[in-house]
**Q** 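Structure incoming, see below.
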Amino acid sequence: MDVAREEAISFRDAEEMDQETSEDTPLRETTRLYRTHFPGAVRQRAYIFDGQGRFYHKEWDLAEGSGNEFCWYHVELPKGNQKLSQSAQYLIDVLCPPLKLQDILSLVSNGPFCGHVDGALVFRINSPGPPSSNYTFRIAARVTENSVITVSLGRVPRLGFSTMGESLLSEIPSIENPSYTRDEQKEGSIVIKEHVLEFLLTMNHSEEADNPVPKSVSNLVVHILDTHVDHLQDVATKLEIDLDSVELELDKGGSALKKQMLDNRRFPKMHLNLQRLLQVIAHGEQVFPRVKEKCSSKLWFASEDISSLEELIGRLRRLKENVGFIANRVTAIQAGLDSWQSEQINRKLYYLSFLSIIFLPLSIITGVFGMNVGGVPWTEQKDPALKDGFRNVMLLCVGLLFLALLCFVFPALYKRLAEWHRKRVIQRSWSLNRKSFLKRTRGHDERGGYLRI
């Protein structure tokens, strides 16, 4: 049966996920405390976990859990061209109250940060750049003992939770074949189309339905950071796959393809994207150890989750090395294209030089014998008053040519003269010092004294 749907591969929109609930758990209803000024501007998810491996969808009331229960509220900012102040307005609209302005600023500002704000642990990994870019990443969290509030730019794969039994990765796949009919496919298998398989190959994680439900706030914090690293890994993997395909195209393609890539500035743009990705990874290298240090002092943060944070720090370092290797490959390919372009330019200049060798003597001859003066040889100009005109013009041309050559030779000639003059001065000074030394030595020898040093 053909169930290779793109909606399942894209893991469904957040709006659909807010409507999903566990089969054996009802939806907890609470009333809305205030009205938003930007309805529908951001996507919101609210979960409550019972601490036993079960979760519920809940209304957006920003209340904390009690006992073993803890809540998670996630805000997904749109990937548009809005300013940073507009994003702050969105957060104020959905998070205030109970959050204060300092909490909003600590979540939405650019750059890495990890510290305590108003008694809560706040960390962010927000890279500067246009929000519409696929290489601008922003993830921030405010953590307390019974609640977590997170903010992300765009959708982060595998960040949310959904019901079990809907994962495509747990199904038995079958390769799509146009020659087979639907009845001839393997019974009970799912047909995987080629573009869907290519998309799955760029992922390094499972679907949201396969996420283990956290049993504590520390599990949830590790899950949030883990999905962030997975997201960066996905982008790096996609870049590497694109680079491999481009290298194959360059090997098979001709000069037209190389010229097109140079005109489109494909590799400089890719290198710029890699630098942005490296910047995000560098921010993570600054924040992750500080999160681990601050969480280790919390009584409610499990020790095994501290070890998980250490593993995430190691993954981030290995990812940085991998992205560095990809950047070196891009630089090498761009250098090869620049060398090819230089060879093409040199070849065209060679052809132009060859043509100039042919036509330069002809232009000189036509210029000389086309002068409007008297005395031109092999002509019928017999006027004695004009017979010296050709000679005078040729002498003037020779003088101008000598002056032009002197302008080109003058720097080298001046350098040689200056060096010769400097050597002459040094030799003369050494000769004078030697004569003075010998004269003083001879005077001391006659008096039988010693030479003062």
Side-chain angles (χ1 to χ4, degrees), residues 239 242-276 325-428:
L239 276 172
D242 293 342
L243 187 60
D244 292 338
S245 63
V246 169
E247 288 181 346
L248 290 176
E249 290 179 4
L250 284 175
D251 293 339
K252 298 178 181 179
S255 58
L257 179 61
K258 295 179 180 179
K259 186 176 183 302
Q260 181 182 1
M261 289 186 177
L262 287 171
D263 294 339
N264 295 337
R265 300 184 70 251
R266 182 167 184 176
F267 291 104
K269 293 178 181 178
M270 187 179 295
H271 193 271
L272 179 61
N273 294 332
L274 285 170
Q275 296 304 314
R276 290 178 177 174
F325 294 150
I326 299 175
N328 292 336
R329 289 176 58 189
V330 173
T331 303
I333 295 176
Q334 181 63 37
L337 288 177
D338 292 339
S339 177
W340 174 83
Q341 188 179 31
S342 300
E343 292 178 359
Q344 298 299 314
I345 294 175
N346 293 335
R347 183 175 299 178
K348 293 178 181 179
L349 291 177
Y350 171 76
Y351 294 149
L352 290 177
S353 301
F354 185 75
L355 292 176
S356 64
I357 291 174
I358 297 176
F359 290 101
L360 184 60
L362 299 179
S363 62
I364 293 175
I365 293 174
T366 55
V368 169
F369 288 97
M371 289 188 296
N372 227 352
V373 296
V376 179
W378 303 307
T379 60
E380 296 180 357
Q381 298 175 358
K382 304 297 183 181
D383 191 355
L386 303 175
K387 64 179 181 180
D388 296 334
F390 179 79
R391 183 190 61 186
N392 295 336
V393 171
M394 294 305 296
L395 292 176
L396 181 62
C397 291
V398 171
L400 292 175
L401 180 61
F402 177 76
L403 182 61
L405 292 176
L406 185 63
C407 291
F408 284 104
V409 177
F410 178 75
L413 183 62
Y414 176 79
K415 184 178 179 180
R416 288 178 176 270
L417 290 176
E419 186 178 356
W420 174 79
H421 179 70
R422 185 170 61 255
K423 289 182 178 180
R424 186 72 180 272
V425 170
I426 293 174
Q427 289 178 357
R428 185 176 180 181

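For this chain, numbers begin at 1 and follow the sequence in order.
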**Q** Heavy atoms only: give me the nearest Gln275-Ala327 pair and the separation to one decimal.
**A**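 In this case the closest contact between Gln275 and Ala327 is NE2-CB, 4.4 Å.
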**Q** Say you draw a straight line from CG of Asp263 to CD of Gln260; how long is it, rounded to the nearest 0.5 Å?
**A**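 Those atoms lie 8.0 Å apart.
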**Q** Could you go through Asp244 and Arg329, starting from their C-alpha distance and side-chain angles, then the distance that decides it, and tell me whether this counts as side chain to side chain contact (heavy atoms under 4.5 Å, CB included)?
**A** CA-CA 10 Å; Asp244 292 338; Arg329 289 176 58 189; 2.7 Å; yes
**Q** Closest approach of Ser356 and Pro361, non-hydrogen atoms and distance?
**A** O-CD, 4.3 Å
**Q** Do Gln344 and Gln341 come close enough that some side-chain heavy atom pair is under 4.5 Å?
**A**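 Heavy-atom side-chain distance check fails, nothing below 4.5 Å.
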**Q** Carefully, step by step, assess Val398 and Met394 under the rule side chain to side chain contact (heavy atoms under 4.5 Å, CB included).
**A** CA-CA 6 Å; Val398 171; Met394 294 305 296; 5.5 Å; no
**Q** Once you round to the nearest 0.5 Å, how far does NE2 of His271 lie from CD1 of Ile326?
**A** 11.5 Å
**Q** Using the rule given for salt bridge (charged side-chain N to carboxylate O under 4.0 Å, His left out), can you reason through Glu419 versus Lys415, listing the C-alpha separation, both sets of side-chain angles and the distance that settles it, and then say yes or no?
**A** CA-CA 6 Å; Glu419 186 178 356; Lys415 184 178 179 180; over 6 Å; no
**Q** Is it true that Arg347 and Glu343 have a side-chain N and a carboxylate O under 4.0 angstrom from each other?
**A** no
**Q** Where do Phe267 and Leu250 come nearest, in terms of heavy atoms and distance?
**A** CZ-CD1, 4.0 Å
**Q** The test is side chain to side chain contact (heavy atoms under 4.5 Å, CB included); show your working for Met261 and Glu249 and say whether it passes.
**A** CA-CA 11 Å; Met261 289 186 177; Glu249 290 179 4; 3.8 Å; yes
**Q** Hey, could you give me the CG/CZ distance between Leu405 and Phe410, rounded to the nearest 0.5 Å?
**A** 15.0 Å
**Q** Quick one: do Ile333 and Leu243 satisfy side chain to side chain contact (heavy atoms under 4.5 Å, CB included)? Show the steps, please.
**A** CA-CA 10 Å; Ile333 295 176; Leu243 187 60; 3.6 Å; yes
**Q** Does Gln334 reach the side chain of Leu262, with side-chain heavy atoms less than 4.5 Å apart?
**A** yes
**Q** Can you name the salt bridge (Lys or Arg N to Asp or Glu O under 4.0 Å) partners of Asp338, sequence neighbours left out?
**A**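 With sequence neighbours excluded, Asp338 shows a salt bridge (Lys or Arg N to Asp or Glu O under 4.0 Å) to no residue whatsoever.
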